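Computed from a predicted structure; not experimentally measured. To find a chain, count down the sequence lines: A is the first, B the second, and so on, and within it residues start at 1.
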Number of protein chains: 2
Amino acid sequence: MTTRTVPGPRERLLTAAKELTYAQGIGVGVDALLKRANVARRSLYEHFGGKDGLITEVLRVSADEDEAAYRQAMRAAGDDPRGRLLAVFDWLDGVIQEPDFRGCRYLAAELALAPDHPGHAVTRRYRERVHDLLEAELRALDHPRPEPAAEQLLLLIDGALAVGATRPGTHPAAAARLLADQVIGG
Amino acid sequence: MTTRTVPGPRERLLTAAKELTYAQGIGVGVDALLKRANVARRSLYEHFGGKDGLITEVLRVSADEDEAAYRQAMRAAGDDPRGRLLAVFDWLDGVIQEPDFRGCRYLAAELALAPDHPGHAVTRRYRERVHDLLEAELRALDHPRPEPAAEQLLLLIDGALAVGATRPGTHPAAAARLLADQVIGG
DNA sequence: GACCATATAGACCGGTCGATCTACTGGTCA
DNA sequence: TGACCAGTAGATCGACCGGTCTATATGGTC
């Protein structure tokens with residue numbers, strides 16, 4: 001059996017770290033993670049080799065989930081590429097409004113992790129994946145300059161997440177959506 | 001004499017902390033700050049009451065300097081409000097290209113500081129100051145909706161700084177400038 | 001020359017960090 | 001039954017954390 005009926009220590013540690021590192025930042029202590037996950041200290045080092053390995057793995061699975069969330073938001077919007085792109089900003093608006101929204105996990109990691117931390121590679125790859133997702137839709141729209149336009153959309157997304165993190169209660173994604181509309185063109 | 005010919009411990013500590021907290025994050029150790037500033041341990045606690053006080057003061061003087069930099073970039077652009085606003089993005093492009101650019105200091109602080117840290121008040125006030133600066137120019141332009149437009153410009157600035165931090169070598173401020181042009185209107 | 005505020009140097013405090021280690025537990029399977 | 005193994009529990013390690021302390025040096029003012 002590779003599937004478990006109950007989450008094992010590895011999975012408990014991953015979800016606990018995903019939650020705590022987002023809520024309290026990368027600097028959370030190992031003890032807090034172990035306590036939250038109800039996992040023995042040793043298991044962490046068996047499964048992940050250390051805190052850095054755990055953080056990196058958290059970023060990796062989060063990136064997979066978040067990319068899936070982008071795809072899902074676009075899939076739910078139908079077949080029109082323009083509507084699919086705008087739907088991303090509608091979805092983001094909801095994300096930012098969630099009471100425990102704390103900004104972009106990957107930007108926070110980029111700013112807080114040591115320059116040689118293996119997590120950086122994960123966050124950069126995630127960023128490229130989202131970029132390519134956007135660019136593909138723009139190409140489907142026959143956008144004249146899909147690559148720089150995707151870059152602009154990414155900038156709008158980052159801006160909305162940053163403003164949302166620093167000014168709770170506002171609707172930066174709605175403001176970004178208006179600009180995205182112009183980027184997409186028509 | 002209130003002015004010194006040579007910077008005193010307080011000033012040395014401030015500049016050292018300004019540099020190190022930006023380069024290595026808020027999490028730098030007190031020892032590293034003291035060593036960099038060539039200042040006795042006790043002086044830190046005499047002048048700032050502790051690390052939190054020093055960090056807060058660093059944010060305060062940085063905010064003053066950065067607001068002055070915004071004003072200077074606009075002043076150098078002349079009298080036309082439209083040109084003054086676009087000049088902000090030209091200036092930002094240069095800032096982002098600097099080899100030691102590491103993203104927005106205030107966003108990093110917002111993400112890394114404990115929720116009850118006094119530094120938060122400083123960063124929020126700084127954000128409002130920039131916002132008001134932009135809004136004033138938009139009013140001078142008789143922009144129909146100066147407040148939400150200022151919010152959008154702020155979003156573009158944050159987005160450019162975020163992309164600049166995560167994708168060195170690109171020119172996000174140039175991409176943001178194109179969108180800013182549309183926000184400002186004609 | 002005496003005085004005092006300011007700064008320096010650095011030992012020292014309790015606490016926490018990430019990491020390693022031993023000893024024990026419960027279930028699996030030959 | 002007994003070997004095996006992943007997981008648990010927790011003591012312990014050295015390093016570092018922010019903060020307090022004493023002792024000493026310096027430089028300006030009466």
Gap between atoms NZ and C1', on B:Lys35 and C:dA9 respectively (whole Å): 15 Å
message: In whole Å, I'd like the distance from the CZ atom of B:Phe48 to the C1' atom of D:dG18.
response: 16 Å
task: Please confirm whether the backbone N or O of A:Ala109 pairs with a side-chain atom of A:His120, one donor and one acceptor, at under 3.5 Å?
output: no
task: Please state whether the phosphate of C:dT8, meaning OP1 or OP2, lies under 4.0 angstrom from any side-chain nitrogen or oxygen of B:Ser43.
output: yes
field: Distance in angstrom units between A:Leu13 CG and D:dT8 C1', rounded
entry: 13 Å
- prompt: Rounded to whole angstrom units, what separation is found between the CG atom of B:Leu34 and the P atom of D:dG19?
  reply: 11 Å
query: Looking only at atom types and distance, does a side-chain atom of A:Tyr126 sit under 3.5 Å from a main-chain N or O of A:Leu59, one as donor and one as acceptor?
result: no
field: Contacts of type ring-ring contact (aromatic ring centres under 6.0 Å, His included), residue A:Tyr22, not counting sequence neighbours
entry: none
statement: Sorted by chain and number, sequence neighbours left out, side-chain contact (heavy atoms from CB on, under 4.5 Å) with A:Glu46 holds for A:Arg42
statement: Sequence neighbours excluded, the answer for ring-ring contact (aromatic ring centres under 6.0 Å, His included) partners of B:Phe89 is none
query: Under the salt bridge (charged side-chain N to carboxylate O under 4.0 Å, His left out) test, which residues partner A:Arg12, sequence neighbours left out?
result: none
- request: Verify, without hydrogens or angle tests, whether B:Lys51 (side chain) and B:Val28 (backbone) share a donor-acceptor contact under 3.5 angstrom.
  value: yes
Polar pairs (N or O, both sides) under 3.5 Å between protein and nucleotides 22-24 of chain C?
from: C:dT22; atom 1: O4; to: A:Arg42; atom 2: NH1; distance (Å): 3.3

- request: Please report, rounded to the nearest Å, how far the P atom of C:dT6 is from the CD atom of B:Glu11.
  value: 16 Å
task: Quick one: label B:Arg10 by what it contacts on the DNA or RNA (base, sugar-phosphate, nothing), any heavy atom closer than 4.0 Å.
output: nothing
message: I need the residues from residues 14-22 of chain B with at least one non-hydrogen atom less than 4.0 Å from DNA chain C; give them sorted by number, or say none.
response: none
statement: The salt bridge (charged side-chain N to carboxylate O under 4.0 Å, His left out) partners of B:Arg139 (sequence neighbours excluded) come to B:Glu135
query: Which residues pass the salt bridge (charged side-chain N to carboxylate O under 4.0 Å, His left out) test with B:Glu19, sequence neighbours left out?
result: B:Arg36
query: Is there a residue in residues 50-58 of chain B whose heavy atoms reach under 4.0 Å of DNA chain C, and which residues are they?
result: none
Rounded distance (Å) that lies between atom P of D:dG10 and atom CG of A:Leu44: 17 Å
field: Base-contact (B) and sugar-phosphate-only (S) positions in nucleotides 11-16 of chain D, heavy-atom cut-off under 4.0 Å, - elsewhere
entry: B-----
message: Strictly distance-based, threshold 3.5 Å: is any side-chain N or O of B:His117 a donor or acceptor partner for the main-chain N or O of B:Glu110?
response: no
- prompt: Side chain of A:Glu137, backbone of A:Asp132: donor and acceptor closer than 3.5 Å?
  reply: no
query: Which pairs, with at least one residue in residues 89-107 of chain B and sequence neighbours excluded, count as a salt bridge (Lys or Arg N to Asp or Glu O under 4.0 Å)?
result: B:Asp90-B:Arg177
query: Of all the choices, C:dG18, C:dA7, D:dT8, which nucleotide is nearest to the side chain of A:Tyr45 once you look at every atom?
result: C:dG18
task: Taking all heavy atoms of B:Gly119 and all of B:Leu113, pick out the closest pair and write down the distance.
output: CA-CD2, 4.1 Å
query: Residues in ring-ring contact (aromatic ring centres under 6.0 Å, His included) with B:Phe48, at least two apart?
result: none
- prompt: When you check the phosphate oxygens OP1 and OP2 of C:dA7, does a side-chain N or O of B:His47 lie under 4.0 Å from one of them?
  reply: yes
